[in-house]
Structures are given as structure tokens and as C-alpha cells.
Amino acid sequence: MKTLFKEITAKLEAITAIKWVDEDKGQMNFERPPILFPGALVAISLPTTQNMSVLKQHVQAQVTVKLCFDYGGNTNTLTPTANRDASLAFYDVVQEVYKALQGFSTIDFNALERRNFVQIPRPDTYKTVSMVFITECLDFTAAE
């Protein structure tokens with residue numbers, strides 16, 4: 001899974017709007033999160049695995065990309081258009097991440113497929129959204 005993590009984070013690092021890419025270690029749980037904004041925090045899990053043999057598995061991997069913003073501004077319909085557009089700029093970063101990852105594959109894993117996009121409510125001035133992608137790959141680690 002380290003290879004998957006490194007490939008995904010390299011794709012995210014290439015997006016110029018993103019200033020910080022890291023593994024999700026709960027950084028957004030701090031009063032002052034120890035990241036640069038906008039940031040992308042990545043978590044990988046294996047919700048489904050199936051044995052092909054005793055030491056080889058077919059794996060469905062879930063890649064969660066949490067996009068984090070130091071959010072401000074107004075988005076109500078009475079806000080002047082330029083100000084409102086600036087406040088909604090986080091959607092542009094979301095779209096860039098989607099474009100970079102949707103369909104991305106290597107010899108190590110199949111094409112990524114976005115499964116959802118969810119905004120995570122917060123009681124502070126930070127904005128956090130989560131995008132989940134899935135992929136499939138073969139894991140022969142136990143056979144090595």
C-alpha cells in the first residue's frame with residue numbers, strides 16, 4: 001500500500017493550488033492544524049480483500065483524500081459576485097483533485113474511481129471536504 005500512497009501523493013503534490021500533502025494523522029483535530037492550506041490529507045484502507053491463494057490476495061483499496069482549507073468569506077446570494085467567487089474557490093481545488101485522480105492508474109493498481117464527495121461540518125473557520133476513490137490491485141506481499 002506504500003506504493004499506492006506514494007503515487008497518489010505525487011499526483012496531489014503536482015497540483016499547484018495544494019500547499020501541503022501528507023498522510024491523514026488527525027492533523028485537523030488540533031485548534032491550529034499543523035499543515036499549510038490548502039492541504040490534502042490521504043488515508044488508505046482495504047475494505048475488501050479476497051484470497052487468490054494462501055499468500056496472494058485481490059484487494060479493493062479505498063483512498064480517502066481530505067481537502068482542508070483555511071476558509072473565510074461570504075457565499076450568500078447578496079455577496080458581490082467577485083467576493084462570492086473567491087469564497088467558493090475551494091470548489092476549484094476539489095475539481096482539480098478529481099481531474100487528477102479520476103481514472104489514474106499505474107502497473108500497480110487499476111484506475112481510480114471516485115465514489116463520493118462529502119463536506120465535513122466544522123465549528124471553526126476551517127473547511128474540510130472528503131473525496132473517496134476506490135481501486136483494485138493484487139497484493140503478493142505475503143508471498144515475498
Side-chain angles (χ1 to χ4, degrees), residues 1-52 56-142 144:
M1 294 304 94
K2 181 166 67 172
T3 300
L4 177 61
F5 178 82
K6 290 171 81 173
E7 294 284 350
I8 298 295
T9 55
K11 283 294 264 190
L12 294 171
E13 187 177 37
I15 299 172
T16 57
I18 295 177
K19 307 242 183 295
W20 185 269
V21 180
D22 196 359
E23 183 176 17
D24 190 347
K25 298 174 274 205
Q27 295 94 320
M28 291 305 292
N29 296 332
F30 291 88
E31 186 175 329
R32 291 185 182 187
I35 69 170
L36 298 176
F37 295 99
L41 303 175
V42 178
I44 297 176
S45 59
L46 305 177
T48 305
T49 62
Q50 183 176 12
N51 281 349
M52 297 169 58
K56 297 178 182 178
Q57 288 191 317
H58 178 259
V59 173
Q60 183 183 71
Q62 178 175 298
V63 178
T64 303
V65 179
K66 188 184 295 179
L67 298 173
C68 312
F69 305 89
D70 190 359
Y71 187 72
N74 292 314
T75 57
N76 67 67
T77 58
L78 300 177
T79 303
T81 301
N83 294 9
R84 189 174 189 213
D85 287 346
S87 296
L88 294 171
F90 75 92
Y91 280 118
D92 298 331
V93 177
V94 170
Q95 291 295 351
E96 284 186 60
V97 169
Y98 170 67
K99 285 171 37 177
L101 296 182
Q102 177 68 23
F104 173 57
S105 66
T106 71
I107 61 169
D108 296 309
F109 58 90
N110 292 345
L112 291 169
E113 176 186 322
R114 182 178 64 182
R115 279 296 163 100
N116 66 32
F117 163 78
V118 178
Q119 295 192 39
I120 303 168
R122 295 185 57 91
D124 51 27
T125 61
Y126 299 111
K127 179 128 191 103
T128 306
V129 301
S130 174
M131 294 174 62
V132 173
F133 294 84
I134 60 160
T135 186
E136 293 183 353
C137 58
L138 301 176
D139 189 348
F140 297 157
T141 306
E144 294 174 355

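One is the number of the first residue; the rest follow in order along the sequence. Being a predicted model, the structure only gives us computed values, none of them experimental.
Sequence neighbours left out, not one pair with a member in residues 38-49 passes side chain to side chain donor-acceptor pair (under 3.5 Å). Residue pairs meeting the ring pair (Phe, Tyr, Trp, His ring centres under 6.0 Å) criterion with at least one partner in residues 56-86, sequence neighbours excluded, are Phe69-Phe90, Tyr71-Phe90.
Within the 4.5 Å cutoff, the side chain of Asp24 has no heavy atoms near those of the Val65 side chain. Considering only heavy atoms from C-beta on, Asn83 stays 4.5 Å or farther from Asn74 through its side chain. Considering only heavy atoms from C-beta on, Met131 comes within 4.5 Å of Val94 through its side chain. Put simply, the side chain of Ile134 does not reach to within 4.5 Å of the side chain of Val63, judged on heavy atoms. A heavy-atom distance below 4.5 Å is not found between the side chains of Leu67 and Pro38. By the 4.5 Å heavy-atom criterion applied to side chains, Lys66 and Cys68 are counted as neighbours. Counting only heavy atoms from C-beta outward, the side chains of Glu23 and Phe5 approach each other to under 4.5 Å. Residues Thr64 and Val42 are not in side-chain contact: their nearest non-hydrogen atoms beyond the backbone lie 4.5 Å or more apart.
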- List the steps and the verdict of side chain to side chain contact (heavy atoms under 4.5 Å, CB included) for Met52 and Leu138. CA-CA 9 Å; Met52 297 169 58; Leu138 301 176; 3.4 Å; yes

- Candidate pair Phe104 and Phe109, rule ring pair (Phe, Tyr, Trp, His ring centres under 6.0 Å), full reasoning: CA-CA 9 Å; Phe104 173 57; Phe109 58 90; 5.6 Å; yes

- Item | Steps toward side chain to side chain donor-acceptor pair (under 3.5 Å) verdict (Gln57, Asn51) | CA-CA 4 Å; Gln57 288 191 317; Asn51 281 349; 2.9 Å; yes

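Judged by distance alone, with hydrogens and angles left aside, the side-chain atoms of Thr135 form a donor-acceptor pair with the main-chain N or O of Asn110 at under 3.5 Å. Listed for the Arg122 side chain is a donor-acceptor partner under 3.5 Å among the backbone atoms of Met28. Judged by distance alone, the side chain of Thr128 and the main-chain N or O of Ile120 form no donor-acceptor pair under 3.5 Å.
Taking every heavy atom of both residues into account, Leu112 and Leu101 meet most closely at CB-O, 3.2 Å. Residues Thr75 and Arg84 approach most closely at O-NE, 2.9 Å, considering heavy atoms. The shortest non-hydrogen separation linking Gly103 to Ala111 is O-CB, 3.6 Å. In terms of heavy atoms, Glu96 sits closest to Ala17 at OE2-CB, 4.0 Å. Among all heavy-atom pairs drawn from Cys137 and Met1, the shortest one is SG-CE, 3.9 Å. Closest approach of Lys11 to Ala100, counting heavy atoms only: CE-O, 3.2 Å.
The line from OG1 of Thr141 to NZ of Lys2 is 11.0 Å long, rounded to the nearest 0.5 Å. Rounding to the nearest 0.5 Å places CD of Gln60 at 9.0 Å from CD of Glu113. Atom CD1 of Ile8 is separated from atom CD of Glu13 by 13.5 Å, given to the nearest 0.5 angstrom. From Asp92, atom CG reaches atom CG of Asp85 across 8.5 Å, with rounding to the nearest 0.5 Å. Between atom CD1 of residue Ile107 and atom CD of residue Glu7 there is a gap of 9.0 Å, rounded to the nearest 0.5 Å. Note that CZ of Arg32 is 11.0 Å distant from CG of Asp70, once rounded to the nearest 0.5 Å.
A cation-pi arrangement is absent between Arg115 and Phe133 under the rule of less than 6.0 angstrom and at most 45 degrees off the ring axis.
Scored by the ring pair (Phe, Tyr, Trp, His ring centres under 6.0 Å) test, Tyr91 finds no partners at all (sequence neighbours excluded).
For Glu136, the CD atom counts as densely surrounded, since its 6.0 Å shell holds more than 12 non-hydrogen atoms of other residues, nucleotides or ligands.
Aromatic rings from Tyr126 and Phe37 are positioned such that their centres are separated by under 6.0 Å.
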